[in-house]
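Each chain gets a letter, A, B and so on, in the order its sequence line appears, and its residues count up from 1. These numbers come from the heavy atoms of this one structure, side chains and all, not from hydrogens, waters or symmetry mates.
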Amino acid sequence: MSARMSPARTIAAHAALITYTLIALFPVFVIVINSFKSRKAIFADPLALPVPGNFDLIGYQTVMKQGDFFAYFQNSMIVTVASLFFVLLFGAMAAFALSEYRFRGNTLMGLYLALGIMIPIRLGTVAILQMMVASGLVNTLTALILVYTAQGLPLAVFILSEFMRNVSDDLKNAGRIDGLSEYAIFFTLVLPLVRPAMATVAVFTMIPIWNDLWFPLILAPAEEVKTITLGSQVFIGQFVTNWNAVLAALSLAIVPVLVMYLIFSRQLIRGITAGAVK
Amino acid sequence: MGALDLKAVTKSFGATEVIKGIDLTVEEGEFCVFVGPSGCGKSTLLRIIAGLEDATSGDILLDGKRVNDVAPAKRELAMVFQSYALYPHLSVRDNMGLALKQAGKPRAEITAMTDHAAKMLSLDALLDRRPAELSGGQRQRVAIGRAIVRTPKLFLFDEPLSNLDAALRVATRIEIARLHRDLKATMIYVTHDQVEAMTLADRIVVLRAGKVEQVGTPMELYNNPANTFVAGFIGSPQMNFLDAAALGHPPGKIGARPEHIGLSRQTGDISGHVSHVEKLGGETLVYVRSDVHGLMTVRLFGEHDYAVSETVFLTLPTDRLFHFAADGRRRQPTAVA
Ligand SMILES: Nc1ncnc2c1ncn2[C@@H]1O[C@H](COP(=O)(O)OP(=O)(O)OP(=O)(O)O)[C@@H](O)[C@H]1O
Ligand SMILES: [Mg+2]
């Protein structure tokens with residue numbers, strides 16, 4: 001590609017991308033550097049780097065001491081990973097059925113499943129809460145997992161069915177003639193071929209779940225099921241905010257998403273390049 | 001009763017009828033070729049035979065047993081696809097052995113059968129590679145090998161050579177003909193390359209718009225086409241169709257194959273101008289435009305020098321003309337008035 005682009009265009013493209021990256025990363029950068037500084041230093045010069053004069057781990061110490069931070073972490077991880085797993089599994093299965101089988105109401109079903117993309121699930125909060133109360137799921141991680149799975153499915157079905165339509169019919173038919181079951185065809189032939197799409201869906205699904213404050217606050221506010229986003233709120237008071245602790249908690253919360261993102265994006269890139277060098 | 005019987009098979013996708021009632025018997029050990037223009041339903045018919053699509057009505061019989069409700073894997077047939085359809089995550093050996101593994105055959109037997117098939121197709125050296133590491137021709141051989149390994153009663157080929165280059169296509173065609181002789185299995189082969197059809201087939205089935213137009217050996221179809229469609233489809237270059245009325249016959253068409261028409265600068269039945277010349281070395285194709293009959297093709301053997309726009313005369317082969325009625329059907333020749 002670089003061979004076909006003039007140097008001026010390459011430089012312009014890189015300049016644009018670098019500018020965008022800097023703008024996008026700047027808030028994250030400010031959060032992280034300030035999490036390593038004393039309270040006075042944060043307010044004196046928010047943009048200064050942590051150096052021996054202003055370096056302070058007080059934020060992290062507070063976070064470790066106060067509240068059960070590792071439990072919050074664990075809750076967030078469980079909710080995110082479990083929701084992600086169900087979204088990908090059920091989303092891919094529904095997408096396969098919609099793209100592979102001709103049945104009455106196929107198109108309608110696809111539209112119905114895609115409807116959720118346009119209607120925010122938060123509109124149904126009251127009904128969801130009533131349902132959770134009725135089924136005794138309030139203050140459980142299960143409640144969150146169920147809600148997030150429902151929230152993630154529409155987009156997953158929509159994106160994955162588009163990709164699955166492109167998987168070669170011949171390949172699936174070869175599997176059928178060789179005696180593979182429909183499940184084997186789905187898991188061993190189709191899923192590996194739509195892996196880049198799965199990674200995309202995973203990233204789009206994961207971030208909002210990890211960052212969500214709304215449903216943990218409403219459905220699972222109890223201490224032992226608090227997620228990290230909700231847990232961090234203890235440091236934000238109506239009158240005083242413990243900025244060191246908030247920044248430290250936020251910095252810590254970045255790490256797991258970053259790791260998961262790196263895992264998925266490698267899949268994504270591998271999928272894209274595998275297609276390119278056919 | 002043959003190896004395969006189709007009885008009044010139809011297939012509709014929604015409201016559109018794609019296969020419109022096909023009756024056909026393929027004999028044991030026969031090499032049967034389906035030809036027809038694009039979209040006429042060849043692949044659909046093959047998929048119905050394989051069990052990948054359900055027929056809307058009609059019966060499919062394999063060895064006399066009705067198999068309409070039998071799963072594809074249980075029909076004891078193998079299929080080779082145009083796009084090869086190799087499993088990307090499996091090695092060549094596992095690609096070829098998968099069907100046997102699914103059928104629960106012991107490992108030693110699978111290895112033996114895979115090795116045997118690999119030897120037949122000289123794939124021995126490639127057994128541990130992935131499909132992505134093979135050339136197009138090698139992939140096609142693996143796809144054929146995957147079919148052979150299962151020792152099926154019936155082979156189905158859906159345009160297996162159309163993604164190969166010309167030289168490889170000839171080589172693989174010969175290979176398939178040899179396999180048919182060695183395996184003595186029944187084969188059904190879909191193509192729209194009529195050279196493949198003529199050279200491979202014991203019998204050709206010409207399809208048009210979901211219906212069988214004519215069934216016969218290649219030479220029967222060549223020498224005795226039932227209608228203008230078959231006449232135009234079999235033989236290359238295409239048969240010339242002349243206006244029957246202008247030649248003193250009842251209205252309709254008169255067919256003359258390019259290789260049967262004589263060409264001369266001095267005298268003949270029809271006069272025209274040379275509009276284009278194609279020299280192929282061994283043969284020369286001369287395209288002649290006549291005011292009455294339009295563009296006609298003449299095929300001459302050897303090298304000939306005709307200049308564009310030169311006036312020439314065509315001589316029709318009186319004993320090898322095909323007479324067609326206005327509706328396209330073949331009819332008995334009538335004496336020239
Ligand atoms: N799943 C489907 N749904 C609707 N219509 C279909 C479907 N599959 C095939 N058709 C239609 O059936 C007709 C026959 O298709 P088919 O693939 O059998 O043609 P073909 O003879 O194999 O053509 P080609 O030589 O181009 O491969 C086409 O008009 C096609 O549009
Ligand atoms: Mg086809």
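Within the 4.5 angstrom heavy-atom criterion, no atom of B:Arg75 approaches chain A. Residue B:Leu100: no heavy atom, backbone or side chain, is found under 4.5 Å from chain A. Neither the backbone nor the side chain of B:Glu76 comes within contact range of chain A; no heavy atoms are under 4.5 Å apart. Contact of B:Tyr84 with chain A is not made at all, since no heavy-atom distance falls under 4.5 Å.
Few gaps surround CZ on B:Phe13; more than 12 heavy atoms of other groups in view lie less than 6.0 Å from it. Other residues, nucleotides and ligands place more than 12 heavy atoms under 6.0 Å from the CZ atom of A:Phe73. Counting heavy-atom neighbours within 6.0 Å of B:Arg178 CZ, excluding the residue itself, gives a total above 12.
Among B:Leu52, B:Leu98, B:Leu77, the residue making the largest number of heavy-atom pairs under 4.5 Å with chain A is B:Leu52. For the set B:Gln82, B:Arg47, B:Arg150, the count of heavy-atom pairs under 4.5 angstrom toward chain A peaks at B:Arg150. Options B:Ala143, B:Ala85, B:Pro152 differ in how many heavy-atom pairs under 4.5 Å they form with chain A, and the most are formed by B:Ala85.
Within residues 152-184 of chain A, the residues having any heavy atom closer than 4.5 Å to a heavy atom of chain B are A:Ser168, A:Asp170, A:Leu171, A:Asn173, A:Ala174, A:Gly175, A:Arg176, A:Ile177, A:Asp178, A:Gly179, A:Leu180, listed by residue number. Listed by sequence position, the residues of residues 113-137 of chain B in contact with chain A number zero, using a 4.5 angstrom heavy-atom cutoff.
Of all the heavy atoms in B:Thr111 and B:Arg93, the pair that sits closest is CG2-NH1, 3.6 Å. Closest of all the heavy-atom pairs between A:Val87 and A:Tyr148 is CG2-O, 4.0 Å. The shortest non-hydrogen separation linking B:Ser12 to B:Thr56 is N-OG1, 2.8 Å. In terms of heavy atoms, B:Phe157 sits closest to B:Leu46 at O-CD2, 3.5 Å.
The backbone N or O of B:Leu90 sits less than 3.5 Å from a side-chain atom of B:Asn95, completing a donor-acceptor pair.
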Inset, instruction - Kindly determine whether A:Arg102 and B:Asp54 satisfy salt bridge (Lys or Arg N to Asp or Glu O under 4.0 Å), including the steps that lead there. - result: CA-CA 12 Å; A:Arg102 285 190 294 272; B:Asp54 291 326; over 6 Å; no
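Note: B:Phe31 and B:His180 have perpendicular aromatic rings, judged against thresholds of 30 and 60 degrees for the angle between ring planes.
Counting heavy atoms from C-beta outward, A:Tyr101 and A:Asn106 have side chains that stay 4.5 Å or more apart.
When each of A:Val79, A:Asp212, A:Thr142, A:Ile121 is checked for a side chain to side chain contact (heavy atoms under 4.5 Å, CB included) with A:Val147, only A:Ile121 meets the rule.
Using modelled atom types, one finds a donor on one side chain and an acceptor on the other under 3.5 Å when comparing B:Thr25 with B:Asp5.
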